[in-house]
Amino acid sequence: SKLEMTNSRNKGASFEREIGNLLTEDLGLKNNIRRILEQTREKHLPDLMLGRWYIECKRYGSGAEPLEAWWQQVLDATSEQGIPALVYKFDRRPIKVRVPLGAINSELNINAPYTADLLWEDFIFLLKNLYKEDIENHDL
């Protein structure tokens, strides 16, 4: 129904806001990470961006594993230069982040179809340690 559509869209929007705020807080950013609102008109833009990171957010009630289609959507949204990340959360489960293995170890091809699902704290640790310039560039 139309109401359900609106509801899940609002739920998605508030999850994107929550993730934007969490990133801002946990990375100690001066500039807030905001939702990219043009995404409805421009299909190829992700929900959030941080430096080279293209971040898609998915919030679902039931389930435990993200659908392959969600990851594919992130890959499609990531242009040649972007690094894809899928932030997802199911009810009563922790926030997790799927990233390419190549984002964790630069010796691995970032475009290879291999991924790792990290807990939120692990993702923040990864960003702080290997992606300092993306964080600094965001605050310029």
Side-chain angles (χ1 to χ4, degrees):
S1 73
K2 200 162 184 138
L3 184 65
E4 273 169 18
M5 284 273 304
T6 313
N7 256 341
S8 73
R9 195 156 42 244
N10 290 349
K11 192 172 179 180
S14 72
F15 184 57
E16 286 165 29
R17 263 195 302 278
E18 183 190 334
I19 294 303
N21 292 340
L22 269 179
L23 279 169
T24 302
E25 211 171 294
D26 292 349
L27 296 173
L29 299 171
K30 293 189 289 289
N31 301 327
N32 222 331
I33 293 191
R34 293 208 176 73
R35 294 172 55 221
I36 294 168
L37 297 171
E38 298 80 59
Q39 61 178 341
T40 40
R41 289 194 300 280
E42 303 212 27
K43 263 291 163 257
H44 55 275
L45 289 176
D47 296 328
L48 306 167
M49 292 183 80
L50 172 69
R52 290 165 293 171
W53 286 90
Y54 282 50
I55 303 166
E56 289 285 345
C57 305
K58 297 278 186 196
R59 173 79 178 81
Y60 282 85
S62 58
E65 287 299 313
L67 300 173
E68 280 305 310
W70 303 349
W71 180 245
Q72 195 50 54
Q73 186 189 341
V74 184
L75 294 180
D76 294 344
T78 313
S79 55
E80 296 304 294
Q81 75 278 6
I83 306 168
L86 171 64
V87 179
Y88 63 94
K89 176 161 176 31
F90 294 96
D91 285 350
R92 293 175 300 284
R93 289 187 171 261
I95 296 171
K96 289 198 170 171
V97 189
R98 178 168 293 182
V99 301
L101 279 180
I104 298 173
N105 185 330
S106 59
E107 289 181 29
L108 303 172
N109 180 350
I110 197 129
N111 298 313
Y114 304 105
T115 59
D117 287 37
L118 307 175
L119 288 167
W120 181 257
E121 292 75 26
D122 305 337
F123 180 57
I124 294 299
F125 177 83
L126 176 71
L127 292 176
K128 281 182 170 171
N129 286 279
L130 295 185
Y131 294 94
K132 288 193 182 82
E133 80 188 69
D134 295 271
I135 296 170
E136 285 159 13
N137 290 344
H138 177 80
D139 267 341
L140 290 179

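Between Tyr60 atom OH and Phe15 atom CZ the span is 11.0 Å, to the nearest 0.5 Å. Interatomic distance, CG of Leu127 versus CG of Asp122, reported as 11.0 Å (0.5 Å rounding). Expressed to the nearest 0.5 Å, how far CG of Leu48 lies from CH2 of Trp53 amounts to 13.0 Å. For the atom pair Gln73 CD and Leu86 CG, the distance stands at 8.5 Å (nearest 0.5 Å). Atom OG1 of residue Thr115 and atom CH2 of residue Trp71 lie 6.0 Å apart, to the nearest 0.5 angstrom. Taken from CD in Glu107 to CD1 in Ile104, the straight-line distance is 13.5 Å, to the nearest 0.5 Å.
Between Ile55 and Pro46 there is no side-chain heavy-atom pair separated by less than 4.5 Å. Side-chain contact check for Pro66 versus Arg98: some heavy-atom pair is nearer than 4.5 Å. Residues Lys58 and Val87 fail the side-chain proximity criterion, which asks for heavy atoms closer than 4.5 Å. No side-chain heavy atom of Thr78 sits less than 4.5 Å from a side-chain heavy atom of Ile83.
Considering all non-hydrogen atoms of both residues, Phe90 and Ser62 come closest at CD2-O, 3.2 Å. Of all heavy-atom pairs between Glu16 and Cys57, the closest is CG-CB, 3.8 Å. Pro84 and Pro100 get closest at one heavy-atom pair: O-CD, 3.2 Å. Shortest non-hydrogen contact noted between Leu101 and Ala116 is CD2-CB, 3.7 Å.
Between the side chain of Tyr131 and the backbone N or O of Arg52, no donor-acceptor pair lies under 3.5 Å. A donor-acceptor distance shorter than 3.5 angstrom exists from the side chain of Asp139 to the backbone of Lys30, with no hydrogens or angles considered.
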Distance-only check: which donor-acceptor pairs under 3.5 Å involve side-chain atoms of residues 18-26, not counting sequence neighbours?
unit_1, atom_1, unit_2, atom_2, d
Asn21, ND2, Arg17, O, 3.3
Thr24, OG1, Gly20, O, 2.7
Thr24, OG1, Asn32, OD1, 2.9
Thr24, OG1, Ile33, N, 3.0
Asp26, OD2, Trp120, NE1, 2.7

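Here Asp91 pairs with Arg59 in a salt bridge; the nearest charged N to carboxylate O distance falls below 4.0 Å.
Under the 4.5 Å side-chain heavy-atom criterion for ILVMFWY residues, a single connected hydrophobic cluster contains both Leu130 and Val97. Hydrophobic clustering keeps Ile95 apart from Leu119 (ILVMFWY residues linked when any side-chain heavy atoms are closer than 4.5 Å, directly or through intermediates). Hydrophobic clustering (side-chain heavy atoms under 4.5 Å, transitive across Ile, Leu, Val, Met, Phe, Trp, Tyr) groups Val74 together with Leu67.
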